[in-house]
Structures are given as C-alpha cells and as structure tokens.
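Let me begin by presenting the structure, written as structure tokens, before commenting on it.
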Amino acid sequence: MGSVGCCEKQGKMSELVARTGRQQQRYEDGCRLVAGCIPFRYRNSAESDGTESEKIVEVLMINSTSGPGLLFPKGGWENDETVEEAARREAIEEAGVKGDILDFLGYYDFKSKTLQDDFSPEGLCKAAMFALLVKEELEYWPEQSTRQRSWLTIPEALDCCRHPWMRQALEEGFIKWHASRTTGSE
C-alpha cells in the first residue's frame, strides 16, 4: 500500500497547483478584479437530551499568511475564466474545499497594501463575492502548507475577520442573503 498510496497522493497534488503570477490578471479602471467566496455548511445542533434541533450555519475561514486574523478565500480573476470559476478555484487553492456557488453576494472595494503594480499602482481592488455551499473538504490542496481552515459560527467569524471589507461582505452580503432564503431543504 505504501508506494501505491504515495503515487496516488502525488497524482492528486499534481492536479491541484495554485496559479501564480499576475500576467493573466483582470483589471478595470485601475482596480485589480478579484473573485472570492464565503464557504458555508450546515451543522445540526444537539439538545441536552441528545435530540437534534436547529441547523447552525458555519462559515469557513482561513488564516492570513501576512498577519493575524482570518480571511475568506479570494484571489485574482484571470482572463481565461469566468468570475464564478475564479471563486471556485480560489476556494480549492486556499481552503481546500469544493462546492456549489449558490448566489452572488456583491462587489466589495478594498485597497491592498501588498499587491500594488503597474496596472493598479494604488493597490485598488474590487472583489466579487459569492456564497459557496461546501460539498467536499479535500485532504490535500495547493496551499495546505501555509493555510489552516477554521469552521466558525457567524458571530465568531465576524469577530475574527482580518479586513473590514470581508466583515461587510459577511454582514451585508451573506447574512442578508441567507436570511432571505428558505432553509427547509438544507
């Protein structure tokens, strides 16, 4: 099993490689276009007598590689993909999750302190954020050596957001969107 398992593991990893570089990035009016998502799932809460009660919404956040606080997966939207494909790709690369994009949550503007370039000298970014219902958590993913996943309740996630624009996407985008949904089929 040792050598077969190792080869299988290598095969899985070779299919999942993070895209790097800025050559294919999209820009609009001096802003770098970014795609991301708020990955979520439902967890049944248990009553003290052991019976299940309501379903609790949990969102998936990842650690930042440049400081404290947690983030939602996001990254550059490239020329050869739709914005939805970019959001799904970032969820796989950064958080190691696959799922269904259920809805567009909105555009969120922010300024990157670290990603300034010739096309966006001030580091201006415009993020398209989506709700992604997680169907699968991968055992191996491209950024697993630098990223840890954390499933959090919405109040916990609000407390942990590293960036104000991500907190805004959670509050004004995801929470409002989720409240408007019927959750009977979840």
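Note that this is a predicted model, so its numbers are computed, not measured. Computation of the quantities below employed the complete heavy-atom set of this structure, encompassing side-chain atoms and omitting hydrogens, waters and symmetry-equivalent molecules.
Judged as a salt bridge (Lys or Arg N to Asp or Glu O under 4.0 Å), the pairs with a partner in residues 148-176 (not counting sequence neighbours) are, in order, E137-R149.
Between E78 and Q25 the shortest side-chain heavy-atom distance falls below 4.5 Å. Contact check for W77 versus K126: no side-chain heavy atoms found under the 4.5 Å cut-off. No side-chain heavy atom of V134 sits under 4.5 Å from any side-chain heavy atom of F40. Under the 4.5 Å side-chain criterion, counting only non-hydrogen atoms from C-beta, E143 is not in contact with I62. Under the 4.5 Å side-chain criterion, counting only non-hydrogen atoms from C-beta, E90 is not in contact with K74. F130 places none of its side-chain heavy atoms less than 4.5 Å from the side chain of D103. Using a 4.5 Å heavy-atom threshold, the side chains of Y108 and V34 count as separate. In this structure, the side chains of C161 and M61 come closer than 4.5 Å at one or more pairs of heavy atoms.
Of all non-hydrogen atoms in A86 and G76, the two that sit nearest each other are CB-O, 4.4 Å. Between D100 and K135, the shortest heavy-atom distance links the atoms OD2-CE, 2.9 Å. The two atoms that bring S66 and S64 nearest to each other are N-OG, 3.1 Å, heavy atoms only. Here the closest non-hydrogen pair linking P73 and A91 is CB-CA, 4.0 Å. Considering every non-hydrogen atom in both W141 and I92, the closest pair reads CB-O, 3.5 Å. Taking both residues in full, the closest heavy atoms of V59 and F174 are given as CG1-CE2, 4.1 Å, listed atom of the first, atom of the second, then distance.
Residues I175 and L132 do not share a hydrophobic cluster, clusters being chains of Ile/Leu/Val/Met/Phe/Trp/Tyr side chains in contact below 4.5 Å. The hydrophobic clustering, which links ILVMFWY residues whose side-chain heavy atoms are closer than 4.5 Å, places F104 and W177 apart. The hydrophobic clustering, which links ILVMFWY residues whose side-chain heavy atoms are closer than 4.5 Å, places L105 and V57 together. Residues I154 and W165 share a single hydrophobic cluster, defined by chaining ILVMFWY side chains whose heavy atoms lie under 4.5 Å apart. Linking Ile, Leu, Val, Met, Phe, Trp and Tyr whenever their side-chain heavy atoms come within less than 4.5 Å puts L102 and Y42 in one cluster.
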Inset, instruction - Show the numbers, then the answer: is there a side-chain contact (heavy atoms from CB on, under 4.5 Å) between E136 and V97? - result: CA-CA 6 Å; E136 180 182 2; V97 294; over 6 Å; no

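For the atom pair CD1 (I56) and CG (N44), the distance works out to 9.0 Å, reported to the nearest 0.5 Å. A distance of 11.0 Å separates NZ in K111 from SG in C31, rounded to the nearest 0.5 Å. Taking CE of M166 as the reference point, atom CE of M129 lies at 5.5 Å (rounded to 0.5 Å). Taken to the nearest 0.5 Å, the CD atom of E28 stands 12.5 Å off from the CG atom of L124. Here the CG-CG distance, from L152 to L170, works out to 10.0 Å after rounding to the nearest 0.5 Å.
A salt bridge links E58 with R41: the closest approach of a Lys/Arg side-chain nitrogen to an acidic carboxylate oxygen falls below 4.0 angstrom.
Cation-pi check for R43 over W151 is not met; the charged atom does not lie both under 6.0 angstrom from the ring centroid and within 45 degrees of its normal.
For R32 (side chain) and C125 (main-chain N/O), no donor-acceptor pair under 3.5 Å exists by modelled atom type.
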